[in-house]
Amino acid sequence: MTKIHVVTRHNRTLYDEAIRHHHQLRHDIFVGERSWRSLTRSDCRDIDAYDNDNTTYLLAIDNDRVVGGQRLYPTVLPHMISDVFPHLVSMRSVPKAPDIFEWTRYFVVKERRTGRTDCRMLAAVQEFCLEEGISQVTAVVEMWWLPRWQQSRFKVRPLGLPVDVEGQPTIAVLIDISEESLAAVRCLAGLRGASLVRRGPQRPAIHWVPYATAS
Ligand code: A1S
Ligand code: SAM
């Protein structure tokens with residue numbers, strides 16, 4: 001059965017092969033399928049500035065095979081919205097706080113796009129954030145995410161108006177983490193309870209952020 005594994009720098013040695021595989025899948029999907037050409041790398045791995053010791057990955061793994069992934073990054077550090085997309089935030093300043101993380105690189109492999117793995121991954125982000133005391137996540141997404149989140153009862157607020165990014169209307173949003181959203185998406189996923197797998201050493205996501213280096 002597909003489980004969602006929490007991978008941080010603290011337990012990463014247990015997931016070296018899975019992390020390598022996930023970077024290859026990301027390149028296949030985001031460069032090959034989604035044509036995000038600026039991410040092209042000669043080693044065919046999608047690795048950017050936000051893949052480092054401060055990243056938390058939630059990997060969907062079935063029989064030792066990665067079938068989906070997503071990542072969270074502290075907003076108290078320079079992150080994608082603050083570095084690349086600050087112009088998408090016009091209704092307030094870029095949200096930056098120890099309990100706000102940026103959510104990126106969400107994918108499910110083609111063979112698993114039946115909605116089920118997707119719902120498990122959406123449940124996983126709510127579950128992880130609730131466990132860690134993360135109250136909100138930010139994201140920059142194409143507009144088609146809005147009805148998907150509405151269906152999952154995610155509480156989503158725009159941070160600005162949609163802007164064209166490589167031909168796609170794209171919006172920055174702030175999403176509340178809540179027990180209600182988790183319950184709704186667990187119901188859609190057919191999950192009765194907790195679904196995250198935590199192996200090896202664990203540290204609180206918020207407290208190990210090197211806050212002193214934040215800009
Ligand atoms: C974003 C940052 C994150 C942190 C949030 O009937 P359909 O096929 O129209 O139903 C589709 C569409 O409504 C919509 N959808 C999916 N991809 C779309 C696209 N490229 N353009 C417009 N609409 C799109 O979602 C419905 C269901 O999609 P699906 O692929 O059939 O199934 P599933 O299992 O729900 O998987 C959805 C995801 C997004 C996970 C999967 O399509 C995927 O991995 N896509 C490639 C990676 C990607 O684009 N990720 C989002 C950017 S990061
Ligand atoms: N939220 C998205 C994610 O999950 O990574 C990215 C934002 S937007 C929907 C997609 C655009 O962001 C694409 O044109 C892609 O090339 C660009 N992009 C993704 N990662 C980037 C990075 N690290 N630096 C600059 N642009 C990036």
Side-chain angles (χ1 to χ4, degrees), residues 1-75 77-86 88 101-125 128 137-145 148 163-173 195-200 205:
M1 208 230 292
T2 305
K3 293 275 187 187
I4 314 295
H5 293 243
V6 178
V7 185
T8 67
R9 66 174 161 168
H10 302 290
N11 67 355
R12 194 182 164 127
T13 49
L14 300 175
Y15 289 95
D16 275 345
E17 189 45 46
I19 288 287
R20 238 191 314 275
H21 185 203
H22 125 280
H23 283 299
Q24 288 166 350
L25 289 171
R26 274 176 34 185
H27 200 277
D28 290 350
I29 291 173
F30 291 105
V31 178
E33 179 186 344
R34 297 304 324 278
S35 301
W36 294 1
R37 299 270 177 242
S38 64
L39 310 184
T40 306
R41 283 175 36 132
S42 56
D43 64 359
C44 293
R45 288 177 186 181
D46 170 26
I47 300 174
D48 72 4
Y50 316 107
D51 290 299
N52 57 45
D53 279 352
N54 298 301
T55 314
T56 298
Y57 301 94
L58 301 181
L59 298 185
I61 299 180
D62 194 354
N63 280 325
D64 289 334
R65 214 180 125 246
V66 177
V67 295
Q70 53 190 321
R71 67 180 180 179
L72 291 161
Y73 198 79
T75 58
L77 299 176
H79 55 289
M80 205 188 295
I81 295 185
S82 65
D83 287 343
V84 184
F85 296 111
L88 268 63
F101 276 53
E102 183 180 60
W103 185 23
T104 56
R105 294 298 203 276
Y106 185 100
F107 72 90
V108 170
V109 296
K110 272 191 179 158
E111 317 84 85
R112 295 297 180 100
R113 292 191 194 158
T114 57
R116 197 173 168 79
T117 304
D118 175 60
C119 287
R120 281 176 182 261
M121 297 248 299
L122 291 175
V125 74
F128 175 79
V137 292
T138 54
V140 168
V141 294
E142 293 151 356
M143 295 295 282
W144 51 266
W145 273 90
R148 287 168 54 79
V163 169
D164 186 291
V165 175
E166 290 194 30
Q168 292 289 331
T170 301
I171 191 166
V173 297
S195 65
L196 290 179
V197 175
R198 291 176 182 264
R199 287 195 184 137

If the test is side-chain contact (heavy atoms from CB on, under 4.5 Å), which one of Asp28, Leu39, Leu25 qualifies with Asp46? Leu39
Quick one: [atom1] on [X] to [atom2] on [Y], what's the gap to the nearest 0.5 Å?
X	Y	atom1	atom2	result
Asn52	Arg9	CG	CZ	9.5 Å
Ile47	Ile19	CD1	CD1	10.0 Å
Arg65	Leu59	CZ	CG	13.0 Å
Arg148	Tyr106	CZ	OH	6.0 Å
Thr170	Met143	OG1	CE	9.0 Å
His5	Ser195	NE2	OG	10.0 Å

Side-chain donor-acceptor contact under 3.5 Å, [X] with [Y]:
X	Y	answer
Tyr57	His22	no
Gln70	Trp103	yes
Arg112	Thr2	yes

Shortest non-hydrogen contact between [X] and [Y], atoms and distance:
X	Y	answer
Glu166	Asp164	N-OD1, 3.7 Å
Val66	Phe107	CG1-CZ, 4.5 Å
Ala18	Ile61	CB-CD1, 4.2 Å
Val108	Arg113	O-NE, 2.8 Å

For the backbone of Arg199 and the side chain of Asn11, can you confirm whether one donor and one acceptor N or O come within less than 3.5 Å of each other? yes
Taking the side chain as every heavy atom from C-beta outward, state whether His21 and Tyr15 have any pair of such atoms under 4.5 Å apart. no
Minimum side-chain heavy-atom gap Met121-Ile4 below 4.5 Å: yes
May I ask you to check whether over 12 heavy atoms, not counting those of Asp64, lie within 6.0 Å of atom CG? no
Identify whether NZ of Lys or CZ of Arg in Arg105 sits under 6.0 Å from the centre of the six-membered ring of Phe30 and within 45° of that ring's axis. yes
As a quick check of understanding, evaluate side-chain contact (heavy atoms from CB on, under 4.5 Å) for Val31 and Arg37, giving each step before the final call. CA-CA 6 Å; Val31 178; Arg37 299 270 177 242; 4.3 Å; yes
Hey, are Asp48 and Arg71 close enough for a salt bridge, meaning a charged N less than 4.0 Å from a carboxylate O? yes
Charged N-O contact under 4.0 Å between Asp51 and Arg45: no
Would Ile81 and Val140 count as a side-chain contact (heavy atoms from CB on, under 4.5 Å) if you check the C-alpha gap in whole Å, the side-chain angles of each, and the deciding distance to 0.1 Å? CA-CA 7 Å; Ile81 295 185; Val140 168; 3.5 Å; yes
Name all residues meeting the side chain to side chain donor-acceptor pair (under 3.5 Å) criterion together with His79; count only those two or more places apart in sequence or in a different chain, and write none if there are none. Ser82
Start with the C-alpha distance between Tyr50 and Asp83, add both sets of side-chain angles, then the distance that settles side-chain contact (heavy atoms from CB on, under 4.5 Å), and finish with yes or no. CA-CA 11 Å; Tyr50 316 107; Asp83 287 343; 2.7 Å; yes
Going through the checks in order, is the side-chain contact (heavy atoms from CB on, under 4.5 Å) test met by Leu58 and Phe128? CA-CA 9 Å; Leu58 301 181; Phe128 175 79; 4.1 Å; yes
